Chemist: 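Following this message is one structure expressed as structure tokens.
In what follows, every chain begins at residue 1, and chains take the letters A, B, ... in the order their sequences are listed. Owing to the predicted nature of the structure, the values given are computational and were not obtained by experimental measurement.
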Amino acid sequence: MKMFQKILVANRGEIAVRVIRACHELGIAAVAVFSEVDRAALHVQRADEAYPIGPAPAAESYLNIERILDAAKKSGADAIHPGYGFLSENPNFARACAKAGFKFIGPPPSAMEAMGSKTRARQNMEQAGVPFVPGTAKGLRSAEEAEQLATKLGFPVMLKAAAGGGGKGMRLIDKAAELPSAFEAARSEASRAFGDDEVYLEKAIVNPRHIEMQVLADQHGNTVYLGERDCSIQRRHQKVVEEAPSPAVSPEMRRRMGEIAVRAAQAVGYTNAGTIEFLADEDGNFYFLEMNTRLQVEHPVTELITGLDLVQLQIRIAAGQPLPFRQEDIHLRGHAIECRVYAEDPENNYFPSPGQITSLTEPSGPGIRLDSGIYPGWNVPVDYDPLLAKLIGYAASREQAVGRLRRALDEYYVGGIKTNLPLFRHVFEDADFLAGKANTGFLSRFASRPQPAPPRREEEIAVIGAGIFQALTGGATSSKNSDEPHSGPSAWKQSAREEALS
Amino acid sequence: MKMFQKILVANRGEIAVRVIRACHELGIAAVAVFSEVDRAALHVQRADEAYPIGPAPAAESYLNIERILDAAKKSGADAIHPGYGFLSENPNFARACAKAGFKFIGPPPSAMEAMGSKTRARQNMEQAGVPFVPGTAKGLRSAEEAEQLATKLGFPVMLKAAAGGGGKGMRLIDKAAELPSAFEAARSEASRAFGDDEVYLEKAIVNPRHIEMQVLADQHGNTVYLGERDCSIQRRHQKVVEEAPSPAVSPEMRRRMGEIAVRAAQAVGYTNAGTIEFLADEDGNFYFLEMNTRLQVEHPVTELITGLDLVQLQIRIAAGQPLPFRQEDIHLRGHAIECRVYAEDPENNYFPSPGQITSLTEPSGPGIRLDSGIYPGWNVPVDYDPLLAKLIGYAASREQAVGRLRRALDEYYVGGIKTNLPLFRHVFEDADFLAGKANTGFLSRFASRPQPAPPRREEEIAVIGAGIFQALTGGATSSKNSDEPHSGPSAWKQSAREEALS
Amino acid sequence: MRFQVLISGKTHELELTQAQDAWDCSVDGHSVVIDVREVSPGVLSILRDGKSYLVRQGPNQTITVGEHSYEVSIADPRSWRSRQLTSGSTAGPQRLKASMPGKVVRILTTQGAQVKAGQGIVVIEAMKMQNELRSPRDGKISSILVQEGKAVIAGEVVAVVE
Amino acid sequence: MRFQVLISGKTHELELTQAQDAWDCSVDGHSVVIDVREVSPGVLSILRDGKSYLVRQGPNQTITVGEHSYEVSIADPRSWRSRQLTSGSTAGPQRLKASMPGKVVRILTTQGAQVKAGQGIVVIEAMKMQNELRSPRDGKISSILVQEGKAVIAGEVVAVVE
């Protein structure tokens, strides 16, 4: 099969820029699509062609299959890369692409479907010998049944809503005495939240890590794994820091996990890039969570330790080329850590902070990779997720990679909007993180620890600097509106899990 | 020995920034020094401390040992990193540092001296069994003697001035008949240029490549080589594009060259980072040129293929730490190519182009490293060499690295001054370069080839854009002064070889 | 020039005199010797006793020194007095304000309704996250100032509870 | 608005009409449909038939489209005629000009001296490179306008040969 001449990128932000770069590096023209608020976005500037696809709301633009295919037809593209999020895991989109004559750069729709539904995925994976958290996948009839089973599994156990997601209807149970009341509470919560009171039981994984395995499969029967990523550092189920390799994975565990991931992919006829997510306990046991049938946000850490380009390989695989290496050719070298830079305010409960970027200094230099979707002057829209850029540090050792990220964070400045950059500075000074001990509870425990106060002398410099700026701009008096009390307490919840980045 | 707490960087520009980054990554404070025109330079902004060391001319600031040591004392630094150029290969500076109580991050002064003089270096290297271009190192008495020797060596041969340098007094001789008149011409040219008419004869290397080998030696007797760099693409003896590994070096040749380089370093008691430069012919023979007893400009390509940080290792070695690896632990992976971005005008004979940078867009993303010393608003001074930044592409293969550089060049924009960025675009489309066939004559032959004309449609867009900018800025009429003929023809020569970057 | 600069809850007296390229400077009465250069618009390089600081001016009176950001209020003494008087009026009707820019996706109550402290009033969505604005106290919703689908800016009053 | 735009040796007639966010545009009489956005000061994103162009304005009438730079002269028709008359006066005394900014490191002749075409007159140094300015013709040095050590800017007249 011939290599593509032109690829349409059905996405926005940093990942659209990332895919456009891969196209250009392969000598392929890249086509952008944009919603009304994205006319001036970086991916539009970087593409060879760009077409409007509708108003700001994603449902009317980036999720609108018809408009995206119209743009593809207008441009004469021969393939479509979906990025992550939006339509990337939608088998109907993959089918519509094929029907309209565009190669979809991703797995076959059948594999997406086999992994897309929880129950079908579990069935397929159990047949392939993929380990699951011990428990019942089916509903419990009574508290007594739950107690019997829990005793067999061993405490602690977790009650979960069958229809669930997002923590609703979930209960951690440490001993048998807690079961009866927890069973009733979970059922009624599940009923209220999902209109379905079915609950089931799993062994609770204490201090779990979120570890995922990258696989790559061509259309000629070759499937390889490229090592794991540790994505344990999350906030509100959103990954914040990822690294490869995981400090908790031995070469032997990596091999086992990799071989199981390859089996899982093969069991559903998978091709292209995919990721199997696992939950790992402190003893090195790991259990299947789900498969992401697309490129991951955090793919760069794998690229850095393998020396490969996953997006270029995705394109080659979709064009029908065989993988240019075998499992034994893949050697991991060094350590890579990624920081997801979000437009959010760490001093205000990590609220979103869209708006105009008035000033921007980006880090570079040895061992620093920046995959960014912003530029000075860009107005970060309120309509999409808050990921601005990914800062990735790579070095021979984990300690050295952390050192590089620390100095890169010192160089990084985003003016005009708030970002979570200060959070990373604190994470990279944390003893637990440095010891490689961070699990999925890290950030919530971390937030409550006191942060070091800035040095006194810097404060005096800030006072002087403020005065000089005032003097330079003509001494006009300005003041901050602080005459109003803050609004009442507020609570956050995550919307639309379908669009969540993982 | 304890790790340093604070290091003074006795340099400016991109290399000062590079060294400051390494310090910060190791948790070491960095001290900058600056001349009067460098007060606002990037290295001053990035350092923890900064001290003025005098007026713009290098002789009164960056080459002034006393002032640099004064700054070191004021800051309380415990070590000094010289970068490249300026005082980096000056054994008197290394001694003065030691005497004033500062650790000099580089080789011992004795090793610098053993390699600093051509004749002493040749003596030491011949003893160590390092290959030299066949010929006489001593002067020839007559054209007859020259002819006898030339016949023994085989034509073509090269006549060289013993006191020489920079091509003066050099003559390439293809056959015996040319020798008598060439001998007299070379003698009289040498006499005029150097006040010394001694000339000698060497076998001429046809289409040579400039290949150099990186070595690293600790203070505990361990010396390793880190592979070669191919620096054949030069203009006026100034390197422009470098890569690692060399397309002309086999693993066997690399091993031989590396072992010889290690022997050379050990022969003079070398420690820290150093580079042995060789001339290589088309048959894989190579001959010693000189040793650079310091960090090279082009060290990043070696860092990318080895995964190591040479500046961090320099600091560790100077602090007395043993190398954390042995020769067999060093594995080369992938391919790296560096572009030296100079402030020079490719459309005007590559004349220097200092001045203010009014706008700057820097490339980043997968496989791109940028070591830069500039920022938007910086006024590039007329007083120092024209290196602005180094753009380095890294990927699994040479072809892929070229692809990455091509797209990075498309992203790169420096406004306000002229740069040689357009040159790289042409180099990376050249068939000889892509075939890995570029030797030291590449750029001079390359310059005479026709460059592709820009597309017609872009010209129309430029016309429209010019009008819109005019309209946006209020429609004020402006015109370019083109009413004067150009000045007479002009010729270039390189000044001060001591300060030349290589 | 004299300024009063409020930072981290404290007010400092700043006196600045521009002397050619340099600034003479005193903070709370003690003299500070600095060397200042504006390296780009809104960015100062300040050297003090050899220490190098990069100082950036952001929007909303934010001053960043190195990696630390400060919210700063600055005033000349004339206007200072008057501003201090305006702060801290907590009595009377409570205005419920948007904590960040976004779109109103749901209104959970109606004008005139009785609400309890902590009860959700309006849900705002931005960047795929939803923020429920809750009543700061028991009371009555005297007005709702937004409609579903409307865009709001940070600090905009969306409802009043009295 | 109407402009005459000189680029790559050719003059084009450009007509622009701003209509809200869009520009109506014609070049040499044929209409061109474009969508323009100023994404940052001095940077335009232009879409034409779906093709995406990034257009940057540099100093000295430089316009960059993607990776290609063009020197552009632009004028409205009134001033255009007069400027064309001033070009190309090659007769009379020849003024020797610095090809780039730098410092005068050596003066190789004296006022009143006879020189040959190609003979070195002044050496300028910038960024560690030396540039020898040579006489464009046989003649007499009627004046030398710089001293050793003096800084010159690009295009500055350093000597006159007649």
Chemist: Using non-hydrogen atoms only, which part of B:Leu409 is less than 4.5 Å away from chain D: side chain, backbone, both, or neither?
Modeler: neither

Chemist: What distance do B:Asp383 atom CG and D:Lys103 atom NZ have between them, rounded to the nearest 0.5 Å?
Modeler: 4.0 Å

Chemist: Which atoms of D:Thr64 come close to chain B, meaning under 4.5 Å heavy atom to heavy atom: side chain ones, backbone ones, both, or neither?
Modeler: side chain

Chemist: Report the distance from atom CZ of B:Phe469 to atom CD of D:Glu38, rounding to the nearest 0.5 Å.
Modeler: 6.5 Å

Chemist: Minimum heavy-atom separation for B:Val382 and D:Gly102, please, with both atom names.
Modeler: CG2-CA, 3.6 Å

Chemist: As an exercise, state the distance from CD1 of B:Ile464 to CD1 of D:Ile63, rounded to the nearest 0.5 Å.
Modeler: 12.0 Å

Chemist: Check B:Gly416 against D:Pro59 and note the closest heavy-atom contact, atom names and distance.
Modeler: CA-CG, 3.3 Å

Chemist: How close do D:Tyr70 and B:Ala462 get, counting heavy atoms only, and between which atoms?
Modeler: CD1-CB, 3.7 Å

Chemist: Mind listing the closest non-hydrogen atom pair of B:Ala466 and D:Val5 along with its distance?
Modeler: CB-CG1, 4.5 Å

Chemist: Kindly determine whether B:Glu460 and D:Arg48 satisfy side-chain contact (heavy atoms from CB on, under 4.5 Å), including the steps that lead there.
Modeler: CA-CA 11 Å; B:Glu460 198 163 272; D:Arg48 176 187 181 175; 2.9 Å; yes

Chemist: I'd like to know whether D:Met127 forms a side-chain contact (heavy atoms from CB on, under 4.5 Å) with B:Glu344, so could you lay out the CA-CA distance, the side-chain angles of the two residues, the decisive distance to 0.1 Å, and finally the verdict.
Modeler: CA-CA 9 Å; D:Met127 302 187 127; B:Glu344 55 186 27; over 6 Å; no

Chemist: Please classify the contact between B:Thr361 and chain D as side chain, backbone, both or neither, with a heavy-atom cut-off of under 4.5 Å.
Modeler: side chain

Chemist: How many angstroms lie between atom CD of D:Glu67 and atom CZ of B:Arg406, to the nearest 0.5 angstrom?
Modeler: 10.5 Å

Chemist: Provide the closest heavy-atom pair for B:Ala471 versus D:Trp23 in the form atom of the first, atom of the second, distance.
Modeler: CB-CH2, 3.8 Å

Chemist: Tell me, side chain or backbone of D:Glu15 under 4.5 Å from chain B's heavy atoms, or both, or neither?
Modeler: neither

Chemist: Are any of the side-chain heavy atoms of B:Asp345 and D:Met100 separated by less than 4.5 Å?
Modeler: no

Chemist: Looking only at heavy atoms, what is the nearest atom pair of D:Ile7 and B:Glu459, with distance?
Modeler: CD1-CG, 3.7 Å

Chemist: Let me know if D:Leu54 has heavy atoms under 4.5 Å from chain B in its side chain, its backbone, both or neither.
Modeler: neither

Chemist: Only pairs of heavy atoms separated by less than 4.5 Å count here; which of D:Ile153, D:Ile34, D:Val27 has the most with chain B?
Modeler: D:Val27

Chemist: So for B:Pro422, is it side chain, backbone, both, or neither that comes closer than 4.5 Å to the heavy atoms of chain D?
Modeler: neither

Chemist: For the interface with chain D, which of B:Gly465, B:Ala343, B:Ser353, B:Pro354 has the highest count of heavy-atom pairs at distances below 4.5 Å?
Modeler: B:Pro354

Chemist: Flag the one option from D:His68, D:Lys51, D:Arg56, D:Lys10 with the top tally of heavy-atom pairs under 4.5 Å to chain B.
Modeler: D:Arg56

Chemist: Answer with side chain, backbone, both or neither: which region of D:Val55 has an atom nearer than 4.5 Å to a non-hydrogen atom of chain B?
Modeler: both

Chemist: With the side chain counted from C-beta on, respond yes when B:Arg457 and D:Asp49 share a heavy-atom pair under 4.5 Å apart, and no when they do not.
Modeler: yes

Chemist: Can you tell me which of D:Val65, D:Ile121, D:Asp28 forms the most heavy-atom pairs within a distance under 4.5 Å of chain B?
Modeler: D:Val65

Chemist: Using non-hydrogen atoms only, which part of D:Val43 is less than 4.5 Å away from chain B: side chain, backbone, both, or neither?
Modeler: backbone

Chemist: Less than 4.5 Å apart, side chain to side chain, heavy atoms only: is that true for D:Val72 and B:Val463?
Modeler: no

Chemist: Please examine the side chains of D:Leu44 and B:Leu472, heavy atoms only from C-beta on, and report whether any two atoms are closer than 4.5 Å.
Modeler: yes

Chemist: Pick whichever of D:Gly120, D:Gly42, D:Gly58, D:Gly66 has the most heavy-atom pairs under 4.5 Å with chain B.
Modeler: D:Gly42

Chemist: For B:Ser359, is it the side chain, the backbone, both, or neither that has a heavy atom closer than 4.5 Å to a heavy atom of chain D?
Modeler: neither

Chemist: By a 4.5 Å heavy-atom criterion (distance strictly below it), what part of D:Ser69 contacts chain B: side chain, backbone, both, or neither?
Modeler: neither

